[in-house]
Amino acid sequence: MKGSHIRSTLAAYKPLKYAINNNCRAAVLVPLKYSEKNKEKYEVILTRRAAELADHGGQVSFPGGRIESTDSSPEHAALRETQEELGIVPQDIEIIGRLDDMITITGFHIVPILGILPNKISYFPDFHEVARVFSVPLYWLMQPQNWKQHTIQYKSQTVHFYSAEWNGENIWGATAQIIQNLIKVLKYWGI
């Protein structure tokens, strides 16, 4: 999985964008970096949110949050939130594209921004927001057998979602949906 091939594929992808509505707008960074063990393989960086947080406490997520009126773009919001949560300065992140906008069942309009991190990057998590930072190999996430499909009823609505278990961390909800979109895009282009 060559880095230049992923960069060009994701840069060329035209994501679905939804009109701004009454949903709470948010942006997340989907950070990728080369594996420490295998420089040809990417890892996806994830966080587990602090349990005390009002929104999605204790859940696995990407760095990100609400798009503020002072943010010039979703990319700006994702970079700002990543710096606040993980201590990574925007200059250390190479933005390579976007994935499809997503409207969650809890009322968030999420814009996923794809970024590449330098291989030698240090995290300085804000432990009021982030309990843990970890990575999952992209090739592992792309294996269908590592995912389970679920169906639940939520507010009289049938909801289908994916989940995956990685080293004791449960990846599900919006985070899993964003990863599934990334996998779909990469597989469409034969990566």
Side-chain angles (χ1 to χ4, degrees), residues 1 3 5-21 23-33 42-49 53 55-56 59-68 71-86 88 90 92-117 121 123 129-130 133-142 146-147 159-164 166 169-189 191:
M1 207 177 306
H5 192 55
I6 283 185
R7 279 180 174 87
S8 61
T9 297
L10 295 175
Y13 181 67
K14 302 293 184 222
L16 294 174
K17 295 181 181 180
Y18 295 113
I20 297 171
N21 53 29
N23 290 319
C24 178
R25 292 192 73 225
V28 298
L29 182 73
V30 180
L32 304 171
K33 76 176 194 78
Y42 274 107
E43 296 177 343
V44 177
I45 308 303
L46 294 164
T47 68
R48 183 171 12 93
R49 295 170 57 81
L53 290 173
D55 288 328
H56 312 293
Q59 293 182 10
V60 171
S61 69
F62 291 110
R66 296 182 201 283
I67 299 174
E68 305 290 344
D71 291 318
S72 59
S73 65
E75 287 80 2
H76 183 266
L79 292 172
R80 175 184 53 75
E81 287 282 346
T82 300
Q83 184 171 13
E84 290 174 9
E85 293 178 20
L86 299 180
I88 301 171
D92 285 345
I93 301 169
E94 176 192 353
I95 298 295
I96 59 170
R98 287 187 185 186
L99 292 172
D100 296 345
D101 284 9
M102 189 175 99
I103 307 295
T104 70
I105 61 172
T106 55
F108 284 87
H109 175 170
I110 301 174
V111 180
I113 308 299
L114 291 152
I116 306 268
L117 302 181
I121 190 85
Y123 308 110
E129 294 192 53
V130 176
V133 181
F134 64 99
S135 63
V136 182
L138 181 57
Y139 74 86
W140 187 88
L141 291 167
M142 292 180 74
N146 294 327
W147 292 91
V159 179
H160 305 281
F161 68 95
Y162 286 93
S163 73
W166 173 261
E169 298 290 354
N170 187 22
I171 304 165
W172 68 285
T175 303
Q177 192 173 340
I178 291 167
I179 292 170
Q180 289 295 316
N181 184 224
L182 173 62
I183 291 167
K184 178 190 79 172
V185 170
L186 293 176
K187 285 189 174 181
Y188 178 82
W189 292 102
I191 295 178

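- In this structure a side-chain-to-backbone donor-acceptor pair under 3.5 Å is missing from W140 to E43.
- Without hydrogens or angle criteria, T104 side chain to A174 main chain gives no donor-acceptor distance under 3.5 Å.
- Contact detail for S72 and H76: the closest heavy-atom pair is OG-CB, 3.5 Å.
- For the atom pair CG of L10 and CD1 of I95, the computed distance is 12.0 Å after rounding to the nearest 0.5 Å.
- No hydrogens or angles considered: a donor-acceptor pair under 3.5 Å links the side chains of S61 and T47.
- We find the CE-CD distance between M102 and Q180 to be 11.5 Å, quoted to the nearest 0.5 Å.
- Nearest heavy-atom pair across V60 and F134 is CG1-CZ, 3.8 Å.
- Counted by atom type alone, Y162 and N146 present zero donor-acceptor pairs between their side chains at under 3.5 Å.
- Inter-residue side-chain proximity for V30 and L114 is flagged as met; some heavy-atom pair is nearer than 4.5 Å.
- In terms of heavy atoms, L29 sits closest to A78 at N-CB, 3.9 Å.
- A heavy-atom distance below 4.5 Å is found between the side chains of L138 and L186.
- Nearest heavy atom pair, residue A176 against residue I171, reads CB-O, 4.0 Å.
- Although no hydrogens or angles enter the test, the distance criterion places a donor-acceptor pair under 3.5 Å between the side chain of N181 and the main chain of D100.
- Judged purely by atom type and a 3.5 angstrom limit, W147 has no side-chain atom pairing as donor or acceptor with the backbone of M142.
- For the atom pair CD1 (I116) and CG (D92), the distance works out to 13.5 Å, reported to the nearest 0.5 Å.
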Checklist entry - I93 and L117: side-chain contact (heavy atoms from CB on, under 4.5 Å), yes or no, with the steps? => result CA-CA 5 Å; I93 301 169; L117 302 181; 3.6 Å; yes
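- Looking only at side-chain heavy atoms (C-beta outward), R80 and D71 come within less than 4.5 Å of each other.
- Considering CD of E169 and CZ of R48, their distance stands at 4.0 Å, rounded to 0.5 Å.
- Between the CD1 atom in I178 and the CG atom in D101 there is a gap of 10.0 Å [rounded to 0.5 Å].
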Item to check | Worked check of side-chain contact (heavy atoms from CB on, under 4.5 Å) between F108 and R66 | outcome: CA-CA 9 Å; F108 284 87; R66 296 182 201 283; 3.8 Å; yes
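- Put simply, the side chain of L32 reaches to within 4.5 Å of the side chain of V44, judged on heavy atoms.
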Next on the checklist: One pair to check against side-chain contact (heavy atoms from CB on, under 4.5 Å): Y13 and L182. What are the steps and the verdict?
Outcome noted: CA-CA 10 Å; Y13 181 67; L182 173 62; over 6 Å; no
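- A salt bridge links R98 with E75: the distance from a Lys NZ or Arg NE/NH1/NH2 to an Asp or Glu carboxylate oxygen falls below 4.0 Å.
- From L46, atom CG reaches atom CD of Q59 across 12.5 Å, with rounding to the nearest 0.5 Å.
- Applying the 6.0 Å contact sphere to CH2 of W172 captures no more than 12 heavy atoms from other residues, nucleotides or ligands.
- Scanning all heavy atoms of the two residues, the minimum distance from P15 to L99 falls at CB-O, 3.3 Å.
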Checklist entry - Please walk me through it: do T175 and V28 pass side-chain contact (heavy atoms from CB on, under 4.5 Å)? => result CA-CA 10 Å; T175 303; V28 298; over 6 Å; no
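- Nearest heavy-atom pair, R25 versus V111, reported as atom, atom and distance to 0.1 Å: NH2-CG2, 4.3 Å.
- Side-chain contact between I88 and L79 is absent, with no heavy-atom pair separated by less than 4.5 Å.
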